[in-house]
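Throughout, residue positions are numbered sequentially from 1 according to the sequence presented.
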Amino acid sequence: MSLLQSILMGLIQGLTEFLPVSSSGHLALFKILFHVETDTGMFFDVLLHVGTLAAVCLIYYKDIFHLIKETVCIIADCVYNLRILIGKMRHVEGRYRRIVCNSYRKFVLMILVSTIPTGIIGYVAADLVEMASEILLIPGICLVITAVILFICDYLPDGKKRPKEASWTNAFLIGICQGIATFPGISRSGTTITACVACGFDRKFAVKYSFILSIPAILGAMLLEVKDAGSMAVSSSQAGIYVVGMLVAAGVGYICIKTMLVIVRNKKFKFFAFYCLAVGLLSIGGYIYLA
């Protein structure tokens, strides 16, 4: 892979990760059309996602700090309650601590509940997703599906739910949607935001939930790829090219994420829906023509 290809793929990732047009679909199409070989499977794709993960952390650093702090507190309270339980078995009195006592703790547990189905789907379908990324027809069909999802989002009524009012079922369904969005051409952000709005979430919170929910998903994908890192032969020059692509994705992603709140609030997904529909149909047409 050349430096120019790495920069272009970083640019595509940064632009498409936060805009609801499927970064994986565009990366798959780019690789197929320009015969890009990374020699490391999906590892470079994961590095690009790490770049955009950095952008999410920079934008939502305050929320992420509170989430981490409350996660530690949840663990501490669970340990304390376990000690109380053991004490009661020995006839020692004590009062349990309430685990979900504020919105951030509820948010932490919602992310956990959403991540479970995403992780299961991502692990089970990993080989299928990688194979689908190499066939021009699959990203095309998935982009058409994304277009339909985006059209639906704009016409859904505005909700008011935030963590306090959300149910665990809502979180689980959103996690399933994120898992399905691992297929190239299905927009992760578009799918999860639409799922949030369909569940009655406030649109501003839907964007935040979607982007923060991507953090454990990206880290999980990274872990799956790192376990195979020992068998990957990456030269120092290629490693540098990979890093450049990741940095480009981070910089462009940081700029693009700022626009998403405006897009969702003003119900402008339809423009991206038309784009996804056009690219999807072109991809399907190209596959039929080449076949």
Side-chain angles (χ1 to χ4, degrees), residues 5 8-36 38 42 44-46 48-49 52 118 121-122 125-156 174 176-198 206-207 210-211 213-214 217-218 221 249 252-253 256-257 259-260 263-264 267-291:
Q5 288 174 331
L8 288 174
M9 291 175 70
L11 182 63
I12 292 169
Q13 172 67 21
L15 285 170
T16 59
E17 175 66 20
F18 301 114
L19 300 179
V21 292
S22 177
S23 59
S24 60
H26 280 75
L27 289 173
L29 292 175
F30 183 84
K31 287 180 180 180
I32 293 169
L33 293 174
F34 294 96
H35 308 290
V36 177
T38 62
M42 296 180 69
F44 180 61
D45 290 11
V46 173
L48 293 180
H49 278 85
T52 47
T118 297
I121 295 172
D127 292 338
L128 182 61
V129 169
E130 185 166 1
M131 183 176 63
S133 301
E134 299 171 357
I135 305 171
L136 186 62
L137 178 65
I138 304 301
I141 293 173
C142 289
L143 281 166
V144 173
I145 294 172
T146 292
V148 174
I149 291 171
L150 297 180
F151 274 122
I152 291 171
C153 187
D154 272 359
Y155 292 99
L156 288 172
I174 292 165
I176 291 175
C177 291
Q178 180 171 249
I180 294 171
T182 56
F183 282 87
I186 303 292
S187 168
R188 194 207 64 82
S189 62
T191 302
T192 52
I193 290 172
T194 300
C196 287
V197 176
V207 175
S210 172
F211 289 160
L213 183 59
S214 71
I218 293 171
V252 175
C256 288
I257 196 173
T259 67
M260 274 301 293
I263 291 170
V264 175
K267 301 182 180 180
K268 300 295 185 181
F269 268 3
K270 61 176 69 70
F271 299 110
F272 296 100
F274 285 123
Y275 171 79
C276 288
L277 181 62
V279 176
L281 291 176
L282 283 172
S283 300
I284 295 171
Y287 175 82
I288 295 172
Y289 175 78
L290 293 173

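No side-chain heavy atom of I12 sits under 4.5 Å from any side-chain heavy atom of L48. Between L277 and L143 there is no side-chain heavy-atom pair separated by less than 4.5 Å. Contact check for I263 versus L19: side-chain heavy atoms found under the 4.5 Å cut-off. When side chains are defined from C-beta on, V21 does not count as touching S187, because their heavy atoms never get closer than 4.5 Å. At a threshold of 4.5 Å between non-hydrogen side-chain atoms, the residues T191 and I180 do not count as touching. Side-chain atoms of T146 and P20, non-hydrogen and from C-beta on, never get closer than 4.5 Å to each other.
Atoms CD1 and CD1, from I193 and I149 in turn, are 12.0 Å apart once rounded to the nearest 0.5 Å. Between Y287 atom OH and L136 atom CG the span is 8.5 Å, to the nearest 0.5 Å. Here the CD1-OG distance, from I141 to S283, works out to 10.0 Å after rounding to the nearest 0.5 Å. Between C177 atom SG and L213 atom CG the span is 10.5 Å, to the nearest 0.5 Å. A distance of 12.0 Å separates CG in L150 from CD1 in I145, rounded to the nearest 0.5 Å. Atom SG of C153 sits about 12.0 Å away from atom CZ of F272, to the nearest 0.5 Å.
Scanning both residues, T194 and L156, for their nearest heavy atoms gives O-CD1, 3.9 Å. Between A273 and A147 the shortest heavy-atom distance is O-CB, 3.2 Å. Heavy-atom minimum distance, G179 versus T118: N-OG1, 3.7 Å. Contact detail for V129 and T182: the closest heavy-atom pair is CG1-O, 3.2 Å. Heavy-atom minimum distance, C142 versus P184: CB-O, 3.2 Å.
Checked by atom type, the side-chain pair T192/Q178 shows no donor-acceptor distance below 3.5 Å.
The 12-atom threshold is exceeded at CZ of F151, counting heavy atoms of other residues, nucleotides or ligands nearer than 6.0 Å.
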